[in-house]
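Structure first, commentary second.
Nothing fancy with the numbering, it's 1 onward along the sequence. Computed over heavy atoms, backbone and side chain alike; hydrogens, waters and symmetry mates excluded. In each ligand, atom 1 is the first atom listed, and ligand 1 is the first ligand listed.
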Amino acid sequence: MFRIKICGVRFKSDIDAVRSAGADAVGLNFFPPSVRYLDPAADATAELSAFAHAGGLYRVGVFVNESAGRIGDVVAKVGLDAIQLHGDERVSDLADYQNLGLPLIHAVKLPAGTLAPEEIERLARPWIDRDCQILLDVDAGPQHGGSGQSLDWDSLERWSAQHANVRWALAGGLHSQNVAAAIQASGAKSVDVASGVEAPRGQKSSDLIHQFCVQTRSAWG
Ligand SMILES: O=C(O)c1ccccc1N[C@@H]1O[C@H](COP(=O)(O)O)[C@@H](O)[C@H]1O
């Protein structure tokens with residue numbers, strides 16, 4: 001599992017900013033409605049991915065409700081290290097995705113607000129038990145992700161305390177001003193951010209990426 005993932009990079013200058021800030025992973029977004037979308041057929045996308053790989057970054061492809069066959073085509077064209085399923089994918093289809101041979105990260109999308117540990121467990125457990133890494137994000141409805149909305153971090157901590165062996169990543173509405181508090185409250189050991197390191201929306205800011213990584217590392221000590 002990555003430690004700090006900057007999701008939705010689109011340019012080599014974004015990759016340079018991620019590397020110099022000390023994050024270890026980038027997200028390449030293949031959900032067409034997203035402002036962070038990359039065309040997998042474009043040579044520039046494969047070049048961006050190769051540039052991230054050459055820089056030692058872990059490349060996570062973000063997909064929403066795509067078939068395993070289609071994801072396999074993107075992996076072959078672009079080159080990825082892991083697949084993030086961020087839609088309404090079903091556990092019953094997991095074998096098809098696992099046959100692609102890359103680590104799978106499933107976004108467990110939770111309602112904002114206080115949650116019982118049992119509710120988080122009910123939604124996360126089927127994926128954990130089938131060898132998926134999990135990323136906890138807010139349920140953003142048809143937008144699916146990148147919404148800038150936050151989870152109730154205390155609820156995640158109560159669930160995590162009961163399942164200390166489960167490695168998970170925190171997403172949803174993180175930015176440099178709140179990531180330290182989010183880590184302290186939730187106990188997250190991995191974080192993922194998209195909109196919180198952008199100004200304006202859809203455009204990564206090297207300053208915000210840097211501040212985000214500084215605050216994250218300070219929270220981890
Ligand atoms: O970033 C997107 O546009 C996106 C679209 C569809 C699915 C996932 C997407 N990104 C993921 O959403 C989380 C949360 O984003 P944010 O930090 O709240 O803006 C992000 O970490 C991405 O992995």
Plane angle bin for His144 and Phe31 - parallel if under 30°, tilted between 30 and 60°, otherwise perpendicular: perpendicular
Run the numbers for me: atoms of ligand 1, each under 4.0 Å from some heavy atom of [X], listed by number.
X	value
Val64	6 (C), 7 (C)
Val62	8 (C)
Ala171	21 (O)
Lys5	23 (O)
Gly172	14 (C), 18 (O)
Asn29	1 (O), 2 (C), 3 (O), 4 (C), 5 (C), 9 (C)
Gly148	16 (P), 18 (O), 19 (O)
Asp137	12 (O), 13 (C), 14 (C)

Heavy-atom nearest neighbour of atom 5 (C) of ligand 1 within options Gly145, Ser150, Ala194: Gly145
Nearest-contact summary for [atom] - protein heavy atom, Å:
atom	answer
atom 19 (O) of ligand 1	Ser195 OG, 2.5 Å
atom 1 (O) of ligand 1	Arg36 NH1, 2.9 Å
atom 23 (O) of ligand 1	Asp192 OD2, 2.7 Å
atom 11 (C) of ligand 1	His86 CE1, 3.6 Å
atom 10 (N) of ligand 1	Gly146 N, 3.6 Å

Within reach of ligand 1, part of Cys7 (heavy-atom separation under 4.0 Å): side chain
Tyr58-Phe2 aromatic ring centre distance below 6.0 Å: no
Ring centres under 6.0 angstrom apart (His175, Phe212): no
Could you tell me whether [X] and ligand 1 have an N or O pair separated by under 3.5 Å?
X	answer
Gln143	no
Leu135	no
Gly196	no
His144	no

Residues, nucleotides or ligands: over 12 heavy atoms within 6.0 Å of His163 NE2: yes
Flag for Glu121-Trp159: side-chain donor and acceptor within less than 3.5 Å: yes
Please output the side-chain donor-acceptor pairs of residues 66-75 that fall under 3.5 Å, not counting sequence neighbours, one pair per line with the distance.
unit_1, atom_1, unit_2, atom_2, d
Ser67, OG, Arg70, N, 3.1

Test side-chain contact (heavy atoms from CB on, under 4.5 Å) applied to Lys189 - qualifying residues, sequence neighbours left out: Arg3, Arg167
Side-chain donor/acceptor of Arg10 to backbone N/O of Gly202, under 3.5 Å: yes
Step-by-step salt bridge (Lys or Arg N to Asp or Glu O under 4.0 Å) determination, Asp43 to Lys77: CA-CA 9 Å; Asp43 289 342; Lys77 166 82 178 153; 3.0 Å; yes
Basic-acidic side-chain contact under 4.0 Å: Glu198, Arg201: no
salt_bridge(Asp137, Lys109) N-O dist < 4.0 Å: no
